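Contents: one structure, followed by commentary.
By convention here, the first residue in the shown sequence is residue 1. One-based numbering, in listed order, for ligands and for the atoms of each. If you're wondering where the values come from, they're calculated on a predicted model, not measured in any experiment.
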Amino acid sequence: ICPVAAQEWTVQVGQDLLVAMDLGAVTKYSALHAKPSGLILQYGTAGFRTKAEHLDHVMFRMGLLAALRSKQTKSTIGVMVTASHNPEEDNGVKLVDPLGEMLAPSWEEHATCLANAEEQDMQRVLIDISEKEAVNLQQNAFVVVGRDTRPSSEKLSQSVIDGVTVLGGEFHDYGLLTTPQLHYMVYCRNTGSRYGKATLEGYYQKLSKAFMELIKQASCSGDEYRSLKVDCANGIGALKLREMEHYFSQGLSVQLFNDGSKGKLNHLCGADFVKSHQKPPQGMEIKSNERCCSFDGDADRIVYYYHDADGHFHLIDGDKIATLISSFLKELLVEIGESLNIGVVQTAYANGSSTRYLEEVMKVPVYCTKTGVKHLHHKAQEFDIGVYFEANGHGTALFSTAVEMKIKQSEQLEEKKRKAAKMLENIIDLFNQAAGDAISDMLVIEAILALKGLTVQQWDALYTDLPNRQLKVQVADRRVISTTNAERQAVTPPGLQETINDLVKKYKLSRAFVRPSGTEDVVRVYAEADSQESADHLACEVSLAVFQLAGGIGERPQPGF
Ligand code: 16G
Ligand code: MG
């Protein structure tokens with residue numbers, strides 16, 4: 001995959017390259033972070049992820065790569081050590097680009113190349129990347145590092161730092177951070193603190209101030225003390241929310257569960273568990289109609305839920321969060337009387353009811369992208385206000401400079417409009433513009449519910465989710481499935497899409513699609529229909545079609561799964 005012939009590079013390498021990069025030191029230190037032979041890993045949707053014991057060399061090499069990326073962009077680069085919602089034994093690493101975004105695609109390829117290079121090829125690959133990307137090796141490098149609470153994370157983040165320093169880079173180790181906090185730090189550092197102060201204190205103060213100012217404008221505040229139960233997945237979110245809570249406790253009281261004091265990370269708890277099992281986390285007692293939410297292991301996802309009076313569980317996922325937020329933002333825009341545009345970005349996993357509600361009732365344009373935050377983020381940047389959420393609860397809202405300009409000009413407007421502009425200003429401060437952020441999203445949601453005087457049931461009642469089912473199918477090589485139209489249609493293997501089309505026709509309000517997972521060695525199947533029974537049947541039939549047409553292995557998908 002890394003096509004450079006050995007002779008070629010020795011000729012190409014200039015003397016300056018060799019001098020600037022102390023290749024002897026790289027080789028020496030690399031040997032201390034040796035790659036297990038034969039191990040091949042891929043920089044996937046959210047970086048590298050696998051069992052922690054296989055990651056030491058990857059961490060060291062990502063330290064090297066982050067230093068190169070920093071030299072090339074002349075900016076601070078972030079490295080986050082986490083495996084998010086994966087089991088505690090796993091770990092992972094991802095790089096954060098200068099404006100807090102995910103790493104650029106060409107560098108993802110470099111990351112894969114570097115991580116998989118055998119010891120003796122390390123120098124060649126490093127030089128190759130430097131040349132291809134015209135990295136000035138004389139340039140300084142600065143890398144910031146963060147990590148989650150996994151037992152393996154501390155040592156692994158030290159390996160990242162080893163990599164950075166071997167290439168002469170400087171670093172700041174933030175230690176324990178949520179993933180979105182690291183994105184925030186990178187963004188602040190590269191915008192000269194215009195966005196905020198690149199410290200935890202800066203993050204807490206910025207968000208809490210915006211939240212408290214918003215809450216003040218709620219007519220019912222004061223007579224209703226607001227409280228929320230938060231399942232922290234036994235992860236980093238618990239530590240950081242605890243540090244932060246006293247900043248906003250006048251406006252919201254949070255009760256933390258699964259705070260890591262006893263349970264295992266992501267085990268029977270957390271946003272991913274709650275969303276995929278459609279049930280409450282263990283370790284949280286829920287009284288009827290109490291508002292509850294769950295973070296995932298690195299606190300970049302959030303879902304809400306409650307029990308109704310009959311004890312039935314109701315999930316409020318990323319789609320409904322996007323609906324609440326975009327409806328509110330649209331109202332503010334109408335209030336200000338502006339022609340600024342707003343758009344919502346979803347993926348194929350968005351429930352059909354949410355898309356219909358947004359388009360037909362809210363009259364907000366909706367766009368669909370491929371799965372993975374970077375795709376949604378990119379699309380959302382096209383609007384003055386771009387709200388993006390995956391159904392799994394990962395998302396945020398982005399605001400163009402035109403919106404900020406409008407707010408600045410609002411001083412001359414009449415009182416009511418000024419008030420709306422002020423709210424918009426606070427909302428912008430409250431959203432993490434660099435990444436989806438469970439803490440920030442939670443405060444936005446709580447503020448909107450307070451301002452609109454909505455209960456969790458009223459929010460839930462905006463629309464009714466269509467019953468749906470997700471399944472996984474094992475195949476010999478999931479790359480035989482390729483998709484188009486934001487993953488909603490299969491291009492290969494031949495005949496698969498036609499079969500899916502025929503199956504979908506058998507049910508009402510139905511839809512189904514398949515895609516190869518970017519994080520697991522499986523094909524994912526999604527189906528929705530007018531009843532749970534129909535959705536289950538359809539998902540099963542589509543799974544069988546995948547098994548038959550895309551080289552299924554192991555057990556055949558059975559009706560009733
Ligand atoms: C990663 C993505 C998430 C996506 C998921 C899909 C980021 C930060 N995270 O966790 O957005 O929903 O992968 O996983 O991009 P899948 O490809 O296995 O379905
Ligand atoms: Mg996560």
**Message:** Can you name the atoms of ligand 1, numbered from 1 with element, that are less than 4.0 Å from a heavy atom of Lys94?
**Reply:** 8 (C)
**Message:** Can you confirm whether the side chains of Asp437 and Tyr203 place a donor and an acceptor under 3.5 Å from each other?
**Reply:** yes
**Prompt:** Of all the atoms in ligand 1, which lie at a distance below 4.0 Å from a heavy atom belonging to Met102?
**Reply:** 8 (C)
**Message:** Ignoring hydrogens, what is the shortest heavy-atom contact between Glu520 and Lys472? Give both atom names and the distance.
**Reply:** OE1-NZ, 3.0 Å
**Message:** Please check whether Arg524 reaches ligand 1 - meaning an N/O of the residue sits under 3.5 Å from an N/O of the ligand, judged on distance alone.
**Reply:** yes
**Prompt:** What protein heavy atom sits nearest atom 2 (C) of ligand 1, and how far away is it?
**Reply:** Thr45 CG2, 4.0 Å
**Prompt:** Among Val373, Thr371, Asp298, which residue places a heavy atom closest to atom 5 (C) of ligand 1?
**Reply:** Thr371
**Prompt:** Does Lys379 pair with Glu382 as a salt bridge, N-O distance under 4.0 Å?
**Reply:** yes
**Asked** Charged N to carboxylate O under 4.0 angstrom, Glu89 versus Arg150?
**Response** no
**Complete:** atom 3 (C) of ligand 1 has as its nearest protein heavy atom Glu390 OE1, 3.3 Å
**Request:** May I have the angle between Asp298 OD1 and Asp300 OD1 with its vertex at the Mg ion (ligand 2), rounded to 10°?
**Result:** 90°
**Asked** Can you give the angle Asp296 OD2 - the Mg ion (ligand 2) - Ser84 OG, rounded to 10°?
**Response** 90°
**Message:** Taking 4.0 Å as the limit for heavy-atom contacts, which would you say applies to Thr519 with ligand 1: side chain only, backbone only, both, or neither?
**Reply:** both
**Test of proximity, Arg49 against ligand 1: N or O pairs below 3.5 Å** = no
**Request:** Pick out which of Thr82, Val96, Asp148 makes a side chain to side chain contact (heavy atoms under 4.5 Å, CB included) with Thr179.
**Result:** Thr82
**Request:** Among Arg524, Arg515, Glu487, find the residue that satisfies the side chain to side chain donor-acceptor pair (under 3.5 Å) test when tested with Tyr349.
**Result:** Arg515
**Geometric cation-pi criterion Lys279 and Tyr305, 6.0 Å radius, 45° cone** = no
**Prompt:** Does an N or O from Gly518, backbone or side chain, lie closer than 3.5 Å to an N or O of ligand 1?
**Reply:** yes
**Complete:** Pro151 and Glu88 have their tightest heavy-atom pair at CD-CG, 3.8 Å
**Request:** Quick one: look at Asn392 and ligand 1, take heavy-atom pairs under 4.0 Å, and tell me if it's side chain, backbone, both or neither.
**Result:** side chain
**Message:** Please report whether the ring centroid of Tyr43 lies less than 6.0 Å from that of Trp107.
**Reply:** no
**Prompt:** Applying a 4.0 Å heavy-atom criterion (strictly less than), which segment of Arg515 is in contact with ligand 1: side chain, backbone, both, or neither?
**Reply:** side chain
**Identity and distance of the protein heavy atom lying nearest atom 9 (N) of ligand 1** = Ala46 CB, 3.8 Å
